[in-house]
J.: 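Before I ask anything, let me first share the structure, which is written out below as structure tokens.
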Amino acid sequence: QKEVEQDPGPLSVPEGAIVSLNCTYSNSAFQYFMWYRQYSRKGPELLMYTYSSGNKEDGRFTAQVDKSSKYISLFIRDSQPSDSATYLCAMDGAGGGADGLTFGKGTHLIIQP
Amino acid sequence: KAGVTQTPRYLIKTRGQQVTLSCSPISGHRSVSWYQQTPGQGLQFLFEYFSETQRNKGNFPGRFSGRQFSNSRSEMNVSTLELGDSALYLCASSSGRGRLNEKLFFGSGTQLSVL
């Protein structure tokens with residue numbers, strides 16, 4: 001079983017829709033949870049950063065963490081074609097910070113104009 | 001503020017050769033981490049350097065090595081290249097103040113192709 005599971009997609013939705021992206025994980029020691037956006041031929045860009053369980057909102061983006069279910073989500077409201085990218089979840093803290101970030105393989109999102 | 005700069009952007013090498021990749025972190029950042037990204041395995045942690053010392057290492061063979069200079073710039077070296085080393089190599093920088101709660105900022109990567 002992989003430490004972090006993420007549906008690779010592609011996930012295709014019409015412009016303006018609410019997008020829900022998810023990851024599940026197996027290691028309950030993870031404490032920090034991140035979402036990165038990666039455009040083709042670019043490095044990952046940090047979108048959201050949360051600690052432990054709860055919600056965090058930043059503009060059109062909302063990150064949710066449910067540690068009891070080992071499940072994290074990223075919601076994108078009023079989706080735009082420019083949101084089309086690969087979204088990677090990442091986690092930290094299992095090894096006291098010694099193991100680097102553990103990433104999901106990413107979900108490829110397509111926003112249709 | 002300039003971001004993380006990686007050079008070169010693209011490299012083509014043949015099996016058995018060695019390669020050196022370079023990374024300049026964000027000004028003021030003292031920690032540099034390296035990751036390998038492939039379609040099959042996703043992003044995997046290679047190693048992290050802080051103040052010229054390797055602070056942590058992932059599960060990669062000894063052919064993968066790195067170093068960091070006093071100005072925080074870092075290089076990564078892969079010796080005796082194999083076909084499976086073809087990947088996007090990403091460098092990330094952070095302030096390095098703590099082991100946890102560090103936000104990583106990535107460069108655009110070096111795309112290495114091994115023929």
J.: List the atom of Pro44(A), the atom of Leu90(B), and the distance in Å for their closest heavy-atom pair.
T.: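 Residues Pro44(A) and Leu90(B), closest heavy atoms: CD-CD1, 3.7 Å.
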
J.: What distance do Gln37(B) atom CD and Leu88(A) atom CG have between them, rounded to the nearest 0.5 Å?
T.: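 If I round to the nearest 0.5 Å, the distance is 6.5 Å.
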
J.: Which atoms of Tyr39(A) are under 4.5 Å from chain B, going by heavy atoms: the side chain, the backbone, both sets, or neither?
T.: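 Tyr39(A) has no heavy atom closer than 4.5 Å to chain B.
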
J.: Heavy-atom count check: over 12 atoms from other residues, nucleotides or ligands less than 6.0 Å from Ile12(B) CD1?
T.: no

J.: Output the option from Gln38(A), Glu45(A), Gln6(A) having the highest count of non-hydrogen pairs under 4.5 Å with chain B.
T.: Gln38(A)

J.: Give a yes or no on whether Asn71(B) atom CG has more than 12 heavy-atom contacts from other residues, nucleotides or ligands under 6.0 Å away.
T.: yes

J.: Should Phe61(A) and Phe33(A) be counted in the same cluster of Ile, Leu, Val, Met, Phe, Trp and Tyr side chains packed under 4.5 Å apart?
T.: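 Same cluster.
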
J.: Can you tell me if CZ on Arg15(B) sees more than 12 non-hydrogen neighbours from other groups inside 6.0 Å?
T.: no

J.: Do Ile26(B) and Val32(B) share a hydrophobic cluster, counting only Ile, Leu, Val, Met, Phe, Trp and Tyr and linking them when any side-chain heavy atoms are less than 4.5 Å apart?
T.: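 Shared cluster, no.
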
J.: Heavy atoms only: give me the nearest Leu46(A)-Leu104(B) pair and the separation to one decimal.
T.: CB-O, 4.3 Å

J.: Determine whether a donor-acceptor pair (N or O, by modelled atom type, separation under 3.5 Å) exists between the side chain of Lys105(A) and the backbone of Pro39(B).
T.: no

J.: Assess whether atom NZ of Lys42(A) is packed by more than 12 heavy atoms of other residues, nucleotides or ligands within 6.0 Å.
T.: no

J.: Identify which part of Tyr10(B) has an atom lying under 4.5 Å from any heavy atom of chain A, answering side chain, backbone, both or neither.
T.: side chain

J.: Can you name the closest pair of heavy atoms from Arg41(A) and Arg9(B) and give their distance?
T.: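 It is O-NH2, 3.0 Å.
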
J.: Would a hydrophobic clustering, with Ile, Leu, Val, Met, Phe, Trp and Tyr connected at side-chain separations under 4.5 Å, put Tyr36(A) with Ile110(A)?
T.: no

J.: Less than 6.0 angstrom separating the ring centers of Phe103(A) and Tyr35(B), yes or no?
T.: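 Close enough - the centres of the two rings lie under 6.0 Å apart.
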
J.: Hey, what do you get for CG (Asp92(A)) to NZ (Lys103(B)), rounding to the nearest 0.5 Å?
T.: 13.0 Å

